[in-house]
Amino acid sequence: MADDNTASHRRDPIKSSVANVAGQRRRQQAVSVGKERRESLVRAKRLCRVGISGDSDDTVDSEMIIDEEQSILEAQTSSAVEGLKSVVAYQGKGALQKRVSALHELRRLLSRSEFPPVEAALKAGAIPLLVQCLSFGSPDEQLLEAAWCLTNIAAGKPEETKALLPALPLLIAHLGENGSLPVAEQCAWALGNVAGEGEELRNILLSQGALLPLARMMLPNKGSTVRTAAWALSNLIKGPNPKAATELIRVDGLLDALVRHLRKADDELATEVAWVVVYLSALSNLATSMLVKSDVLQLLVQRLAMSNSLQLLIPVLRSLGNLIAGDSQTTQAVIVPGHEITGNIIEVLVKCLNSEHRVLKKEAAWVLSNIAAGSVEHKQLIYSSEAVPVLLRLLSTAPFDIRKEVAYVLGNLCVSPISPTEGDGKPSLILEHLVSLVGRGCLAGFIDLVNLADTEAARLGLQFTELVLRGMPNGEGPKLVEKENGIDAMERFQFHENEDLRNMANSLVDKYFGEDYGLDE
Amino acid sequence: MEVTQVLLNAQSIDGAVRNHAEESLKQFQEQDLSSFLLSLSRELANEEKPVESRKLAGLILKNALDAKEQPRKLELVQRWLALETSVKAQIKMFLLQILTSPVADARSTTSQVIAKVAGIELPMKQWPELIGSLLSNIHQLPAHVKQATLETLGYLCEEISSDVVDQDQVNKILTAVVQGMNATEGNNDVRLAATRALYNAVSFIQANFSNDMERDYIMRVVCEATMSPEVKIRQAAFECLVSISSSYYEKLAPYIQDIFSITAKAVREDQEPVALQAIEFWSSICDEEIDILDDYVGDFSGDSDIPCFYFIKQAIPALVPMLLDTLLKQEDDQEEDGAWNIAMAGGTCLGLVARTVGDDIVPLVMPFIEENITKPDWRQREAATYAFGSILEGPSPNKLTSIVNVAMTFMLSALTKDPNNHVKDTTAWTLGRIFEFLHGSTMDTPIITPANCQQIITVLLQSMKDVPNVAEKACGALYFLAQGYEDFGPSSPIAPFFQEIVQALLTVTHRPDAGESRLRTAAYEALNEVVRCSTDETAPMVLQLVPVIMIELHQTLEAQQLASDEKERQSELQGLLCGCLQVIIQKLGSSEPTKYVFMPYADQIMGLFLRVFACRSATVHEEAMLAIGALAYTSGPDFAKYLPEFYKYLEMGLQNFEEYQICAVTVGVVGDICRAVEDKILPYCDGIMTQLLKDLSSNQLHRSVKPPIFSCFGDIALAIGENFDKYLMYAMPMIQSAAEMSAHTASADDVMTEYTNSLRNGILEAYSGIFQGFKNSPKTQVLITYAPHILQFLDSLYKRKDMDEVVMKTAIGVLGDLADTLGNNAGSLIQQSQSCRDFLNECLSSEDNLIKESAEWAKMAISRAISV
């Protein structure tokens, strides 16, 4: 036993079979391949987030500039492109690693400053090299870095964005389902930048087939991918040609995906998805009618009720407005007074009217005005809601553009829906509403509008003044108008260049404040 | 219970009897540990009992006190400590009494048991009288008592650290041992026991070794013992020198001259076991100097804790000729793989010397080669070739290239024409070494040129028809030849021969004698390497290989009703074929066009793998598991369709903690599958997580599997995102306690430091995966409670300053992930931590690009978290 224990330890002979080491090496290789893949997955996820969130956050970016003169940065960029040129040609050992780190360096330089040295990169010939790095079968890490470089270049000036033209087919190709998600995401980001540049580039992207693969990226439940795809798509379908929007809504599963994301996603993702809905509903009638039939309306309302994120509320509210304005017949079928959703809509709109943000107030008033243009029941609903006191307050205190939207709502509340039987073009009144609103002091606000230079606002003011003059019982109208300095306001139109307004004002003055006016007293 | 009979039965050749006896022993141990241990020690002490039952009683006692795996060991220690004091006292009394037994085996086993008990009790300040009573034995008259006592002291020194014993007692132990070793000790058994005791006590006597006078004395006694007339004593004394050389390298300078003379004499004249140890002394010095010189080059400081004394460089004028002489002492049948004799040890040492001194060795070896390479005696030709092959790693390519260019033609011709198999074997091996160290895309001057490439390949393929050992070495040479063309460029010089090479290798695998000399394995591994390093131009031929290997694998599955040794052979062959498919799948899966053409085979291949698993009942085939990992990556989301059938084997692999490599490979495959199918793995996660958590809490699982398990948590969280939430309450406490442990482990040695860092990395990868998985989910809130602990962990890592680069990169990434996912919830926590900011700044200014990149990202994530 003692002998076993002290048996001399023996080293491996130098001359041994390859069979001893090879299997072990294969095993280690499998482990290290797994490690590399894990790392590149994690890394890619982070890289993309930086790319994606970086642009809204200038404060952070500017912190990253480390006292570098622009000229130095440009020189570094040129030499980074040169470096890339030489490693792209190199095929020897570690070629991949060299390419990736050259790309990485260039990308770093391009991300460094608020004024990225895009021009220097382009001059040095970066685009053809980057296109080469995007070729099929390239490893993900390389694709990712190249796409990121292009993303940053695309964020430059319009001519600089156009320089990406040769890269577009490959960027689109890498959106495909077979590649890695982080790569697809980065490509989507680059394409989104291109699409955002203008109609011409949008049309090129559409003709090259960017729409379908981007739309497919919306289908799974991968948060950051969907967000980027949604952002890129909203840039792509901006129009003005509605064709792309219509095409998008026809993509199999897309509508379901929109509904799903609006239902489940966090605010950040929902924001980008809502922007897609904004452009769909603004441009395409087909899209609007499909959206209205889905759960989208309901979800938008829920989002408005739940969220406090301005970034999210804006597109959601605008989508809601687009849908309500766009397809009045369907809307009438959905937003039926007495339905739960209708009450909810009014409630969230009031919430928006009460918000701090001017944009929200304006959009909310606009949506309300569209509802107020509906049936008598719709008008009654708004009239008896929390909205009215808020609207009245806004009419006297809010900035001009909000006041105008508010005036539309209040005005609409006081007139019946236009029915074909009435021939004189003058809408009939809802007297109860008019009397009550005037009683609560809204006339002054309308007269103010008459005083404004904006013809649309002035017309609104005049129209309402006409209602008051015509409708207030016991001939009180003219007195009220006079009291609010309405006569002066209208007389200013005596020689106004806009004929319509001039006639309207003059006839009102003639009719209600003619020679007989005041004789009773 | 009649313990004697049971102990004898437990050694019966009849399996049934043996099993029954082992079962009753186990039951006895579990039911009543006290009386179990008592009756074993009584058995061991009883001079009436047969020696076989006494020996086994001792062995079981020893195993009841110690185990290899740390958790199991702790458990045994606790159980011993919990025994009643009177029981332990009785057992210890028996043990000490046995040291005086006339039966050598009983004494020897008891020595080890005593050392184990001492290993538990001395650190707890128990059994204080032990060393005193052992030392008093030394002065007893019967030599066998003295011998047993010295043996016990040796094991004791090996078992415990010197700081749990008073230096006074250390001195006394050492004195007793050295006295026993002295030439004046007349009894050889005592002297041998003392010499072996010193071997075991080498690191125990550190304090004494730092004292010049004491060290001089010890060294003198050891050197004298190397000249004892008794061969076993000489061998044991050289073993002491080997152990001293690695423990006290920096103290050897005054003795190295004398040691050289002693070793040279032993190598030249002494019997083989002694000569082998003498050579080993120099190999061990090489190990030390290679490490130190590595540190010189590797470290920024250009420094090592221990200075290099360049013993080897000074010794080579005499050392190299001595080693060259050993090469001529071949055995006639040494081609067996792993054979170990003087020639093998000498060549191995020569290789280490070459790595230590580099270019300087070449002029010392060349004359020997030139003189012997053409001699009629095969021993001279073989020794010359072996010498050449041994020195190819170490010297600069510049120094070797011109020599190799001349030698190449000679070698190629020897490989075909030499009449002796030993010479051909070593020649093929040397060619392999040439390709391994001097051929590759980083070399300035290529060894293989268009002019000789074809000839080299022709000769190697020809040699594959030679006797198995030569053919095996030729496969090895081809392996390294192919490897050198990795990263060579779009077109490989061996592409034109691809078909021919593959055909030749497949033919080798079918040789009826391919089972000898590991020929079949070498052929498949060479094939794998040829495939792995191949280029696009030969992709169609790699694809053609798929059905070929599949058919071979299919055939192994058709064989019915095998005897157990055939079954083992079948399983080995399946392993080789699965390994080959693993490499092929990896290759074809690495680019889109080849993946596309490969995928139609995926279903069938998976079917075969599943059948390979089904061949076995209890264990999982490791190679098949590895291959499945490759298939998962290549198939991507499509792999989900195999999960219902494959899952049970996955689970089986995760349960296999006895064969921990299988468990480790399976854990890796879980990660591969997560990345491939993403959230489609969800239905299986309950089972997988349960198993992984079990593994982590198991005492039996080898610790090396634990870091990958943590990383695997991260993989799963990345794949299933917020759905991971239900595992948090189980996984997080495990991760946290491992984090705590890894943050506070004192790094005893390099191995421990490396392990600790790999554990930290696994933990951090788990955190990263979980944070990233939860990002953008409404459930991120649940992670907030863990944030303070994680930040604390990062803090303590930063403050300890013993992270390696990999951990640093992962750690700063976790900081970013935490900020990114938790947003402003974490902002204030991070802002409060000064060390987080310091850590970030340090990483931002790191030289390492990957660390810097992670840090830049973390900075961005943090500023966003704070600004919101």
Side-chain angles (χ1 to χ4, degrees), chain A residues 1-2 5-6 8-23 26-27 29-31 33-35 37-38 41-43 45-47 49-50 53-54 57 59-61 63-64 91-95 101 104-105 108 136-137 139 178-179 221-224 227 264-266 268-269, chain B residues 105 108-109 151 196 199 236 239 273 276-277 283 337-338 340 344 347-348 351 390 429 432 441-442 472 475-476 479 487 489-490 518 521-522 525-526 528-529 579 582-583 591-593 626 629 665 668 671-672 675 711 715 718 765 768 772 775-778 813 816 820 849 857 860 863-864 867:
Chain A
M1 183 147 257
N5 225 282
T6 50
S8 9
H9 92 279
R10 217 229 235 168
R11 58 179 66 235
D12 292 331
I14 192 171
K15 194 176 160 193
S16 71
S17 165
V18 71
N20 294 330
V21 289
R26 266 193 300 114
R27 221 145 297 164
Q29 234 150 17
V31 170
V33 164
K35 255 187 155 19
R37 285 179 186 147
R38 173 185 306 123
L41 176 68
V42 166
R43 200 159 152 249
K45 285 197 167 204
R46 288 179 187 153
L47 295 189
R49 293 225 181 95
V50 181
S53 44
D57 235 339
T59 50
V60 179
D61 278 341
E63 256 183 76
M64 312 272 297
Q91 295 287 4
K93 200 175 180 109
S101 53
H104 175 79
E105 180 58 23
R108 264 168 46 85
F136 290 109
N178 298 327
N221 284 329
K222 286 274 162 228
S224 80
R227 198 168 76 224
K264 289 200 177 145
D266 60 300
E268 246 176 296
L269 173 54
Chain B
D105 279 335
S108 179
T109 323
E151 195 177 336
R196 286 180 178 165
Y199 173 83
E239 281 168 6
L276 286 175
Q277 287 306 315
S283 292
D337 184 46
W340 193 241
M344 281 295 156
T348 303
S390 298
W429 169 76
S441 58
T442 52
E472 190 271 334
C475 290
Y479 177 97
D487 295 325
R518 313 201 59 189
T521 307
E525 293 297 1
N528 293 343
E529 201 64 1
Q582 177 214 354
V583 173
S591 88
E592 286 299 323
L626 270 174
V665 164
D672 290 333
R675 284 182 285 276
S711 308
D715 294 337
L718 276 173
E765 284 181 337
S768 264
Q772 292 199 356
K775 167 82 178 163
N776 294 332
S777 128
D820 188 35
N849 261 337
W857 179 75
M860 174 105 53
S863 3
R864 286 173 59 215
S867 69

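Atom set for the values below is all heavy atoms of this structure, side chains included, hydrogens, waters and symmetry mates excluded.
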Trainee: Do you know which of Gly579(B), Gly432(B), Gly629(B) has the most heavy-atom pairs with chain A at a distance under 4.5 angstrom?
Mentor: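 The option with the most such pairs is Gly579(B).
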
Trainee: Return the option, out of Asp715(B), Asn528(B), Leu276(B), Thr442(B), with the maximum number of heavy-atom pairs under 4.5 Å with chain A.
Mentor: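 Option with the top pair count is Asp715(B).
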
Trainee: Of the backbone (N, CA, C, O) and the side chain (C-beta and beyond), which part of Ser711(B) lies under 4.5 Å from a heavy atom of chain A, both, or neither?
Mentor: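 It is both, since atoms from each part get that close.
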
Trainee: Between Ala236(B), Ser777(B), Ser283(B), Gly671(B), which has the largest tally of heavy atom pairs under 4.5 Å with chain A?
Mentor: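 The option with the most such pairs is Ser283(B).
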
Trainee: Is there a side-chain contact between Arg196(B) and Glu151(B) (heavy atoms, below 4.5 Å)?
Mentor: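 Of all side-chain heavy-atom pairs linking Glu151(B) with Arg196(B), none is under 4.5 Å.
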
Trainee: Give the minimum heavy-atom separation between Ala522(B) and Ala19(A), together with the two atoms involved.
Mentor: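 Of all heavy-atom pairs spanning Ala522(B) and Ala19(A), the closest is N-CB, 4.2 Å.
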
Trainee: Do Glu472(B) and Arg518(B) meet the salt-bridge criterion of a basic N to acidic O distance under 4.0 Å?
Mentor: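 Looking at Arg518(B) and Glu472(B), the cut-off is not met.
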
Trainee: How far apart are the closest heavy atoms of Leu626(B) and Ala30(A), and which atoms are they?
Mentor: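 So the minimum-distance heavy-atom pair works out to CD2-CB, 3.5 Å.
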
Trainee: Using a cut-off of under 4.5 Å for heavy-atom pairs, which of Ser591(B), Ser390(B), Gly668(B) has the most such pairs with chain A?
Mentor: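 The answer is Ser390(B).
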
Trainee: Take Gln29(A) and Gln582(B), measure what side chain to side chain contact (heavy atoms under 4.5 Å, CB included) needs, and give me the verdict at the end.
Mentor: CA-CA 11 Å; Gln29(A) 234 150 17; Gln582(B) 177 214 354; over 6 Å; no

